[in-house]
2 protein chains.
Amino acid sequence: MDARKRRILGTLIDDYIVSAEPVGSRTLAKKYGLGISSATIRNEMADLEELGFLEQPHTSAGRIPSDRGYRYYVDELMQRPQVGSDTVNRVRMAFAAPVREIAWFIHQTAQMVSDMTAYPSVVVAPPVNDARLGDIRVMQLNAGTLLLVVATDSGMVENRAVPLPEDMNFEQVAWLATEFAREFRGMPIKELKDRILDPLASDEERYHGLWESLLAWMSDWRTNDDRVTLAGSLNILRYPEFRDVGKVERVLGFLEREQAVEQLLQGTSPLSEQVHVIIGQESPFDAIWDCSVVTATYQLRGHIVGQVSVIGPKRMQYAHVVTTLEIVSEELSRALKWA
Amino acid sequence: MDARKRRILGTLIDDYIVSAEPVGSRTLAKKYGLGISSATIRNEMADLEELGFLEQPHTSAGRIPSDRGYRYYVDELMQRPQVGSDTVNRVRMAFAAPVREIAWFIHQTAQMVSDMTAYPSVVVAPPVNDARLGDIRVMQLNAGTLLLVVATDSGMVENRAVPLPEDMNFEQVAWLATEFAREFRGMPIKELKDRILDPLASDEERYHGLWESLLAWMSDWRTNDDRVTLAGSLNILRYPEFRDVGKVERVLGFLEREQAVEQLLQGTSPLSEQVHVIIGQESPFDAIWDCSVVTATYQLRGHIVGQVSVIGPKRMQYAHVVTTLEIVSEELSRALKWA
DNA sequence: GTTAGCACTCTAGCCACAGGAGTGCTAATG
DNA sequence: CATTAGCACTCCTGTGGCTAGAGTGCTAAC
């Protein structure tokens with residue numbers, strides 16, 4: 001893999017990324033001043049194909065990159081763009097709004113990333129399980145209905161309307177919630193479900209039931225709920241590889257299966273690098289075998305808690321996307337420090 | 001418009017709805033036992049075309065319904081299916097879950113309707129403006145951040161994280177929120193923004209600022225926020241009229257423009273009928289001119305507050321959709337009574 | 001009024017064909 | 001010996017002509 005091969009491969013992929021058409025030796029020699037003739041390029045391209053970096057759709061077409069070619073491009077060849085300070089500022093401004101709830105940040109991020117990249121974006125929210133119980137409040141929605149509001153110490157909030165037990169009144173429930181919060185504040189949510197203790201030792205039977213209900217509600221909080229936010233999914237229709245409705249259906253259908261998306265994104269090795277790229281068949285899910293996914297992690301209080309990612313055709317603007325995600329994930333982590 | 005013409009028109013539309021192919025006289029005579037020959041049908045079809053109920057894609061194709069044809073079909077011809085009690089039960093079960101927050105019902109409804117009809121579904125939530133202030137709670141998310149939880153008397157809930165003013169502590173804000181709730185409970189949300197009064201007459205300057213902030217937060221609550229929930233948008237890809245990616249983009253793009261959708265659905269005359277159908281160019285929005293929309297209203301405390309609707313190709317299963325929406329909207333209204 | 005028959009029209013699909021793009025190979029070149 | 005010009009070859013793509021088929025409208029007979 002000498003310098004010239006690298007040069008050719010890089011240039012070819014750059015061209016294919018914008019043109020979406022197989023690239024021939026002639027185009028390469030003419031359009032980009034490589035200083036060598038098309039015949040030489042042909043020889044090199046034949047080698048690159050043998051090495052598995054390029055493919056030929058058919059005999060008399062140009063070459064397109066293989067998955068391996070893209071991988072090499074991403075790892076070694078692509079030219080990272082200069083980061084304009086206006087870009088960073090834009091991201092910071094977006095996060096600087098006075099609203100500071102985590103769910104809001106997640107939506108904001110997904111929206112912004114899909115806007116900035118023109119690809120669909122997926123953001124995974126922090127798992128509730130790892131957080132600790134912060135506080136609980138109860139309010140009365142109407143005669144028969146209560147609203148429980150539960151917060152974690154990391155700032156996630158969930159509310160849940162529940163019927164008021166017939167043999168209790170509002171004050172009793174509110175008092176119980178206060179007791180509950182006092183008892184369990186600071187405990188990891190995932191440990192709550194194992195606690196079937198009743199420190200009230202109350203003689204009132206009805207308290208026991210409600211206490212256990214509270215425990216149950218806490219413990220299944222968001223474990224089944226949606227951690228995955230999808231934005232800009234229509235962007236996928238811009239790209240010619242998705243002219244075919246069947247392909248669109250496969251990919252968007254996959255993105256709506258939250259568990260799968262979560263699994264895919266968490267399967268990235270989070271420690272080795274800040275941004276991870278999954279190209280085509282590197283993914284375990286065949287529904288997105290003609291897509292690439294770029295994922296970055298973000299942190300909350302120094303711990304990686306979620307992912308921001310972008311999905312698009314394999315012919316993706318990797319350099320731009322990687323850089324964008326680096327900025328966004330960094331700024332998101334910074335914003336989540338409640339600076 | 002004699003009985004035979006009606007019969008032919010109805011049968012033709014029935015066939016076209018499932019086949020998506022222009023229907024010829026031969027098909028009509030053979031497949032459905034109409035008791036008349038294809039020649040007669042041809043004559044009638046020529047008349048129906050002249051009357052504006054049918055169209056011919058080209059000379060030697062069969063006929064397809066015009067917008068006017070669909071309109072006549074919906075108003076006069078379509079056979080309403082028997083409502084199976086299992087269907088009603090399914091809807092009731094879905095609404096019978098112990099979670100009773102309005103936002104939850106909205107999502108549940110959109111999801112269920114798109115499942116039951118195999119078309120995309122759109123649900124408009126009740127406007128916050130018309131509701132009255134119920135209660136306010138404050139909780140502390142962390143050192144510098146508060147969470148305001150606001151409920152209306154009709155059971156809508158919104159929470160909003162805000163920074164804790166530097167010169168105040170949590171107890172002071174909590175006290176102020178309580179005062180605020182006491183002062184304004186029962187007042188329509190939309191009137192809140194006109195109230196710049198400060199009944200505290202407190203000498204503490206900082207209280208004034210927070211009081212006004214509270215007012216500001218209340219008054220812009222959800223007016224800009226998302227009232228429209230979209231579910232099952234991928235269903236649109238099932239139908240051959242949306243093979244073309246450009247069409248998909250137009251329609252789904254429209255559905256993501258919430259104000260437009262809101263405007264479209266609220267433009268239906270809510271009082272004259274329970275279910276309203278918009279066919280093709282009857283819509284003011286050209287993005288959905290080759291779609292039909294079926295809309296039903298639902299009630300909260302006896303007032304119409306929102307819409308449940310379905311969008312699909314003009315060749316839509318009107319009878320099934322209308323019936324489904326009737327059931328769902330009725331059951332939703334019933335469920336929202338907090339029965 | 002209804003229907004059989006028939007000529008007519010238009011489309012979709014198929015085939016053959018030419019043009020073009022791109023390759024691989026060979027031989028010449030510095 | 002690497003590079004390159006030249007050329008034959010391959011394969012796709014687009015075009016035009018053609019046919020089969022579906023469906024119509026009209027006329028004449030019932």
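Letters go in sequence order (proteins before strands), and every chain restarts at 1. Only heavy atoms go into these numbers, but all of them, side chains included; no hydrogens, no water, no symmetry mates.
A heavy-atom distance below 4.5 Å is found between the side chains of B/Leu48 and B/Lys5.
Nearest heavy-atom pair across A/Ser309 and A/Leu325 is CA-CD1, 4.1 Å.
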When you check every protein heavy atom under 4.0 Å of nucleotides 13-30 of chain D, what one-letter string (B, S, -) results, 5' to 3'?
---------BSBB-----
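Put simply, CG on A/Asp2 is 14 Å from C1' on D/dT3, counting in whole angstrom units. Between the CD1 atom of A/Ile41 and the P atom of D/dT3 there is a distance of 12 Å, given to the nearest Å. Rounded to whole angstrom, the span from the CG atom of A/Leu54 across to the P atom of C/dG22 amounts to 15 Å. As a whole-Å value, the separation of A/Glu44 CD from C/dG22 P is 19 Å. Going from atom CD1 of B/Ile8 over to atom C1' of C/dG1 covers 14 Å, rounded to whole Å.
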May I have the step-by-step check of side chain to side chain contact (heavy atoms under 4.5 Å, CB included) for B/Thr40 and B/Arg4, ending in yes or no?
CA-CA 10 Å; B/Thr40 310; B/Arg4 195 171 66 182; 3.6 Å; yes
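Checked against B/Val310 for a side chain to side chain contact (heavy atoms under 4.5 Å, CB included), the options B/Val322, B/Asn235, B/Val321, B/Val122 give a single hit: B/Val321.
Other residues, nucleotides and ligands contribute at most 12 non-hydrogen atoms within 6.0 Å of the CZ atom of A/Arg26. Annotation: A/Arg80, atom CZ; neighbour count of heavy atoms from other residues, nucleotides and ligands within 6.0 Å is above 12.
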